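Lettering of chains follows the sequences in order, A, B, ..., and the numbering in each one begins at 1. Keep in mind the model is a prediction, meaning the values are calculated, not measured.
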There are 2 protein chains.
Amino acid sequence: MSTAEVIPESPQVSDIEEVELITRAAWHYYNDGLTQNQIADMLGLSRIKVSRLLEKGRQTGLIELRINSPFEGCLGLQQDLIGAFGLADARVVPAVEGLAAPPRIGRAAASLLMQQLVPNDLLAIGWGEATSTTLRFMAPVFPQSHISLVSLTGGVSAYIGNTGLYGPQNFAHLIPTPLRVSSPELAEMLRIEPYVHHVLEMAITARTALIGVGSVARSASLVRYGYCTNDEIELFTRRGAVGDLLGHFYDRDGAILDLDLHRHLIAVTPDDMRRIPSVVAAAAGPEKVEAILGLLRGKLANTLVTDEETARDLLRRQT
Amino acid sequence: MSTAEVIPESPQVSDIEEVELITRAAWHYYNDGLTQNQIADMLGLSRIKVSRLLEKGRQTGLIELRINSPFEGCLGLQQDLIGAFGLADARVVPAVEGLAAPPRIGRAAASLLMQQLVPNDLLAIGWGEATSTTLRFMAPVFPQSHISLVSLTGGVSAYIGNTGLYGPQNFAHLIPTPLRVSSPELAEMLRIEPYVHHVLEMAITARTALIGVGSVARSASLVRYGYCTNDEIELFTRRGAVGDLLGHFYDRDGAILDLDLHRHLIAVTPDDMRRIPSVVAAAAGPEKVEAILGLLRGKLANTLVTDEETARDLLRRQT
DNA sequence: CTCGATGCCGATCATATGTTCAATGCAAGA
DNA sequence: TCTTGCATTGAACATATGATCGGCATCGAG
């Protein structure tokens with residue numbers, strides 16, 4: 001197992017003075033093209049220390065490095081995806097044998113979002129592993145960027161706690177309920193509860209949303225978090241479900257199924273999602289292909305971040 | 001003389017296939033943390049070729065690397081400047097003995113602008129060396145970013161030609177006149193000439209503008225380009241001028257002087273400039289300090305890019 | 001067709017960089 | 001006070017990287 005599985009734990013840069021040093025070193029190193037030795041002399045530090053400062057700067061996101069691949073057909077697949085599904089944008093991360101895909105997808109999604117978001121922007125976040133991984137990669141840059149989070153569903157607090165997003169600058173407006181409750185009545189009561197209602201309203205005003213794609217595999221996050229049983233998933237599958245968006249299951253054309261489950265959810269509806277200008281879906285893997293296809297056919301998302309293999313699958317099965 | 005004086009000449013990446021390779025290599029190198037050797041094996045290239053691809057990627061701006069220093073007091077001076085003059089933002093580039101300041105200021109300004117601008121944005125540009133240098137640094141990234149330029153004054157075509165900004169994607173709307181003409185009548189006629197008028201109108205709708213700061217030193221750009229004589233400058237100085245904004249001279253409080261010259265200009269007026277939300281001034285050097293002070297006191301710009309020494313001078317003389 | 005020029009390529013080498021490790025300083029707890 | 005553990009430091013080393021150089025192919029001009 002390579003070390004690439006490990007997601008950097010985004011150490012906090014506490015010391016203002018150190019930030020200053022890192023910034024200064026980074027300038028000299030990356031912009032002025034000086035060597036670490038020269039910088040060390042200049043700043044009165046050991047060369048090793050400079051090396052470590054730069055390393056820390058990269059890890060914390062103070063030093064960010066962006067690849068401007070977006071427009072004219074960089075990874076050809078990106079263009080193909082955009083064309084085939086009428087997307088607003090797409091990212092395809094190249095496959096590497098031996099490196100786990102999820103963190104790499106997360107990194108790509110984080111990078112794409114950081115390009116879209118502007119200070120004081122609002123980012124609506126959905127549910128699932130991909131969302132969580134992506135946020136982890138954005139975390140280091142958050143403190144500088146005055147971006148607020150708002151959840152699109154209940155049940156996110158379960159995994160958002162460990163991303164280190166609570167800072168003085170960034171507010172996370174999370175819906176303080178589970179994703180699913182036991183009765184439609186309770187769900188409705190919660191939805192009209194002032195604070196919950198407020199957050200739901202806020203979520204659909206966001207210009208940008210980040211979502212995962214739920215598959216109907218046995219390993220689906222919904223099941224693992226206990227919001228759904230495998231039996232239910234199987235039932236939904238028989239009724240044509242290929243995936244879910246914020247707990248709402250849809251068929252291969254992206255049409256939302258009429259399921260009792262949906263009335264038990266505390267979440268923004270797919271219809272509302274369609275009104276958010278930029279909906280970024282991050283997902284990869286063979287088991288997600290059908291789910292992604294449905295999502296895109298139904299125009300439930302307009303930006304896709306995935307890996308090479310999945311992209312090829314999508315284009316092949318596109319019909 | 002060190003090599004740092006040299007501004008990279010931004011080679012054009014013509015070959016789509018090469019862009020693809022660079023992108024892929026960059027991903028593996030910077031995001032996956034692989035070594036150039038591994039990448040070479042994986043892509044079937046020689047190690048040296050990978051090294052060269054990455055180099056090219058950095059030079060062309062395909063690979064961009066940004067330092068997130070903006071907010072909480074990174075270079076403390078930035079915060080001090082923002083506080084002292086009520087700026088929207090500021091950048092202070094650290095001083096290095098032996099490296100020329102102008103290109104480094106340009107780089108910093110380019111980086112700041114790239115952070116502010118979004119695709120399909122309009123960037124209004126002023127007059128002077130600093131503007132030109134900054135544009136040169138932005139040029140490589142332009143082709144990808146669908147940003148249009150619009151000039152705030154006449155006379156820019158003289159120096160914009162060599163920045164390589166003419167691409168299929170980017171339009172430069174330049175005012176096709178000199179900055180100054182010989183009579184107020186001619187100036188007025190030109191200003192109401194449809195195309196000129198159109199560009200002037202467009203310029204003041206831009207959300208972001210980039211300007212230099214004209215000093216009243218003998219070496220002022222206005223003089224060097226022949227728009228002004230040293231005698232005139234001396235006269236203006238006696239009347240209290242400390243600098244100029246797009247050819248309009250102002251005093252130490254930033255108040256525009258009542259000069260005949262101003263009626264000979266084809267340029268956006270300072271009053272109009274105040275309506276542009278983000279006016280970025282790039283300037284450094286002892287001879288510019290008074291000019292910058294006036295500019296800031298008069299709120300003629302709200303974002304400053306300068307160097308360490310100048311920043312300290314500004315704060316000392318602030319009063 | 002020949003010649004020269006130009007640009008691309010890879011080998012070699014000097015150097016820059018990051019890793020490993022042992023030593024040191026520091027702080028909390030006994 | 002002493003001790004133990006943790007974090008930080010710099011030295012030595014192994015490795016990754018980029019500069020220099022000579023060879024090769026391509027291309028255009030004579």
Side-chain angles (χ1 to χ4, degrees), chain A residues 1-6 8-65 67 96 98-99 164, chain B residues 1-65 67 96 98-99 140 164:
Chain A
M1 186 61 59
S2 95
T3 63
E5 287 265 355
V6 181
E9 353 52 18
S10 50
Q12 291 298 328
V13 188
S14 44
D15 198 354
I16 289 292
E17 196 146 341
E18 185 168 47
V19 175
E20 166 106 23
L21 269 184
I22 294 179
T23 307
R24 206 171 265 266
W27 240 95
H28 294 321
Y29 191 70
Y30 290 108
N31 288 338
D32 295 333
L34 303 182
T35 91
Q36 300 185 350
N37 249 323
Q38 297 174 284
I39 300 170
D41 290 348
M42 188 178 308
L43 270 57
L45 304 169
S46 78
R47 188 186 65 79
I48 298 293
K49 173 111 198 180
V50 173
S51 179
R52 288 191 176 122
L53 284 176
L54 289 171
E55 171 66 21
K56 191 163 185 180
R58 269 165 292 185
Q59 285 215 339
T60 51
L62 226 165
I63 300 168
E64 186 192 349
L65 167 149
I67 300 176
V96 179
L99 296 188
Chain B
M1 186 62 59
S2 100
T3 65
E5 287 267 354
V6 180
I7 300 174
E9 354 51 19
S10 52
Q12 291 298 329
V13 186
S14 45
D15 198 354
I16 289 290
E17 197 146 340
E18 185 168 47
V19 176
E20 166 107 21
L21 270 183
I22 294 178
T23 307
R24 206 172 267 265
W27 241 95
H28 294 322
Y29 192 69
Y30 290 108
N31 288 338
D32 296 332
L34 302 182
T35 95
Q36 299 185 350
N37 249 322
Q38 295 174 284
I39 300 171
D41 291 348
M42 186 176 310
L43 269 57
L45 304 169
S46 78
R47 188 188 66 77
I48 222 73
K49 172 110 196 178
V50 173
S51 179
R52 286 188 178 129
L53 285 176
L54 289 171
E55 171 66 20
K56 191 164 186 180
R58 270 165 294 187
Q59 286 217 338
T60 51
L62 225 165
I63 300 169
E64 183 192 350
L65 122 170
I67 299 176
V96 179
L99 296 187

message = Please determine whether side chain to side chain contact (heavy atoms under 4.5 Å, CB included) holds for the pair B:Gln38 and B:Asp32, giving the CA-CA distance in whole Å, both sets of side-chain angles, and the decisive distance to 0.1 Å.
response = CA-CA 11 Å; B:Gln38 295 174 284; B:Asp32 296 332; over 6 Å; no
In this structure, how many angstroms lie between the [atom2] atom of [N] and the [atom1] atom of [X], rounded?
| X | N | atom1 | atom2 | result |
| --- | --- | --- | --- | --- |
| A:Glu55 | C:dT20 | CD | P | 12 Å |
| A:Ile39 | C:dG18 | CD1 | P | 11 Å |
| A:Leu54 | C:dA16 | CG | P | 15 Å |
| B:Arg58 | D:dT17 | CZ | C1' | 10 Å |
| B:Lys56 | D:dG18 | NZ | P | 16 Å |
| B:His28 | D:dA16 | NE2 | P | 17 Å |

ask   = What's the shortest heavy-atom distance between A:Ala40 and A:Ser46, and which atoms?
value =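 Reported closest heavy-atom pair: CB-C, 3.8 Å.
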Heavy-atom pair with the smallest gap, counting every atom of B:Ala26 and A:Ile67 =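 Scanning both residues completely, I find the closest heavy atoms to be CB-CD1, 3.6 Å.
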Respond yes when some side-chain nitrogen or oxygen of [X] is under 4.0 Å from OP1 or OP2 of [N], and no when none is.
| X | N | result |
| --- | --- | --- |
| B:Gln36 | D:dT15 | no |
| A:Gln38 | C:dA16 | no |
| A:Tyr29 | C:dT17 | yes |
| B:Arg47 | C:dC9 | no |
| B:Ser51 | D:dT17 | no |

message = Can you tell me how far apart OH (A:Tyr30) and CZ (A:Arg58) are? Round to the nearest 0.5 Å.
response =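 Those atoms lie 3.5 Å apart.
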message = Going by side-chain contact (heavy atoms from CB on, under 4.5 Å), name the residues that satisfy it together with A:Tyr29, two or more places apart in sequence or in a different chain.
response =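 Per chain and number, A:Tyr29 pairs via side-chain contact (heavy atoms from CB on, under 4.5 Å) with A:Gln36, A:Ile39, A:Leu54.
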inquiry  = Between A:His28 and A:Leu43, is there a side-chain heavy-atom distance shorter than 4.5 Å?
reply    =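 The answer is yes, as the side chains (C-beta and beyond) meet within the 4.5 Å cut-off.
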message = Walk me through whether B:Lys56 and B:Arg52 qualify under side chain to side chain contact (heavy atoms under 4.5 Å, CB included).
response = CA-CA 6 Å; B:Lys56 191 164 186 180; B:Arg52 286 188 178 129; over 6 Å; no
Nucleotide N/O of nucleotides 7-11 of chain D paired with protein N/O under 3.5 Å:
from: D:dT9; atom 1: OP1; to: A:Lys49; atom 2: NZ; distance (Å): 2.9
from: D:dT9; atom 1: OP2; to: A:Lys49; atom 2: NZ; distance (Å): 3.3
from: D:dG10; atom 1: OP2; to: A:Ser46; atom 2: OG; distance (Å): 2.8
from: D:dG10; atom 1: N7; to: A:Arg52; atom 2: NH1; distance (Å): 3.4
from: D:dG10; atom 1: O6; to: A:Arg52; atom 2: NH2; distance (Å): 3.0

